Amino acid sequence: VEWDHLIEGETVTTALVVLAHHRPDSLTAHIAGLAARELASSGYQVDVLDLHREGFDPRMTVADQPDWGDREKAYSAEVEAHMKRLLAADLVVFAFPVYWQSVPAILKGWIDRVWNYGFAYGRSKPRLAGKRALWLGLAGATADDPITEGMHAFLSAQLNDGIAYYCGFQESRVALLTDAEDQPQTVTEDGVLHIGEAITGEARRAHYAEFDAKALAHVRAFTAAELVSA
Ligand SMILES: Cc1cc2nc3c(=O)[nH]c(=O)nc-3n(C[C@H](O)[C@H](O)[C@H](O)COP(=O)(O)O)c2cc1C
């Protein structure tokens, strides 16, 4: 147990906050900021990776394609720099809008290119071992929409099992933040997407205050769990 960082601030725990949204004024960016501030105020050193702002290119390249015969392959300078940031993080918090029950292309491409063979997987001693991930997925669907249960299960299978645990993470959680839209989206029984009336005024303010509180509770539960498991 490394208590010294709690007592004397000597060993700093680093959190990487990965934001995948094209609009700086999006709800997703707001939630990433909320998470980053919460982590900073709990004593984490926070590195915010805003994939769009940093101009990350999610398209796979020959330079970053795995060479199955060489797990020591040197990847592109861009990818190597991202690997360093991931390696430096004890904890990774992702903030993204759920697109087609998955992560947006830019985040998928970041994982495809950066979480690469010989670095993230393919070693008997995984370099990412012991790290922890929290995936904050913002969803337009409402909490009571029957689609959300399957969406959560699907995201958990992809992100926890398919990616984080596959790469040796110690813990990975998916927090599905439903009701992200101010026009509630539900799918009707006959499979038609129904976009409801926009909520306004005090109801809207209360809606997003509750949304923030939910997101913050997930971040706090996640950091609290670290102290217990440390
Ligand atoms: C391409 C696309 C796909 C989407 N797919 C889903 C989905 O599968 N499930 C869902 O609940 N919402 C889905 N949505 C709604 C977004 O999750 C929602 O608009 C977003 O979380 C709102 O956050 P933002 O304002 O930060 O973009 C989708 C939106 C887009 C643009």
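In this text the structure is predicted, and so the values were computed from the model without any measurement. Position 1 is the first residue of the sequence; numbering continues from there. Order of appearance sets the numbers: ligands from 1, and atoms from 1 within every ligand.
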Considering non-hydrogen atoms of the protein only, which is the closest contact for [atom], and what is the distance?
atom: atom 21 (O) of ligand 1; result: Leu138 O, 2.9 Å
atom: atom 2 (C) of ligand 1; result: Tyr99 CD1, 3.5 Å
atom: atom 5 (N) of ligand 1; result: Trp100 N, 2.9 Å
atom: atom 19 (O) of ligand 1; result: Glu181 OE2, 2.3 Å
atom: atom 17 (O) of ligand 1; result: Val98 O, 2.9 Å

Open item on the list: Between Asp47 and Arg85, does any NZ, NE, NH1 or NH2 come within less than 4.0 Å of an OD or OE carboxylate oxygen?
Closed with: yes
Heavy-atom contacts with [X] under 4.0 Å: which atoms of ligand 1 show up? List them by number with element.
X: Leu27; answer: 25 (O), 26 (O)
X: Gln101; answer: 7 (C), 8 (O)
X: His21; answer: 24 (P), 26 (O), 27 (O)
X: Ala139; answer: 11 (O), 17 (O), 21 (O)
X: Pro97; answer: 20 (C), 21 (O)
X: Ala141; answer: 10 (C), 11 (O)
X: Thr28; answer: 23 (O), 24 (P), 26 (O)

Geometric N/O contact [X] with ligand 1, under 3.5 angstrom:
X: Gly140; value: yes
X: Gln185; value: no
X: Ala180; value: no
X: Met151; value: no

Counting heavy atoms not belonging to [X], are there more than 12 under 6.0 Å from its [atom1]?
X: Arg23; atom1: CZ; answer: yes
X: Glu72; atom1: CD; answer: yes
X: Tyr166; atom1: OH; answer: no
X: Glu197; atom1: CD; answer: no

Task: Asp145 side-chain N/O to Val187 backbone N/O, donor-acceptor pair under 3.5 Å - done: yes
Open item on the list: Using ring centroids (six-membered ring only for Trp), state whether Tyr208 and His30 fall under 6.0 Å.
Closed with: no
Open item on the list: I want to check a possible cation-pi pair here: Arg132 against Phe222, using under 6.0 Å from ring centre and within 45° of the ring axis as the test.
Closed with: yes
May I have the list of side-chain donor-acceptor pairs in residues 95-109 shorter than 3.5 Å, sequence neighbours left out?
from, atom 1, to, atom 2, distance (Å)
Ser102, OG, Gln158, OE1, 3.1
Lys108, NZ, Asp112, OD1, 3.1
Lys108, NZ, Asp112, OD2, 3.4

Task: Plane angle bin for Trp110 and His82 - parallel if under 30°, tilted between 30 and 60°, otherwise perpendicular - done: perpendicular
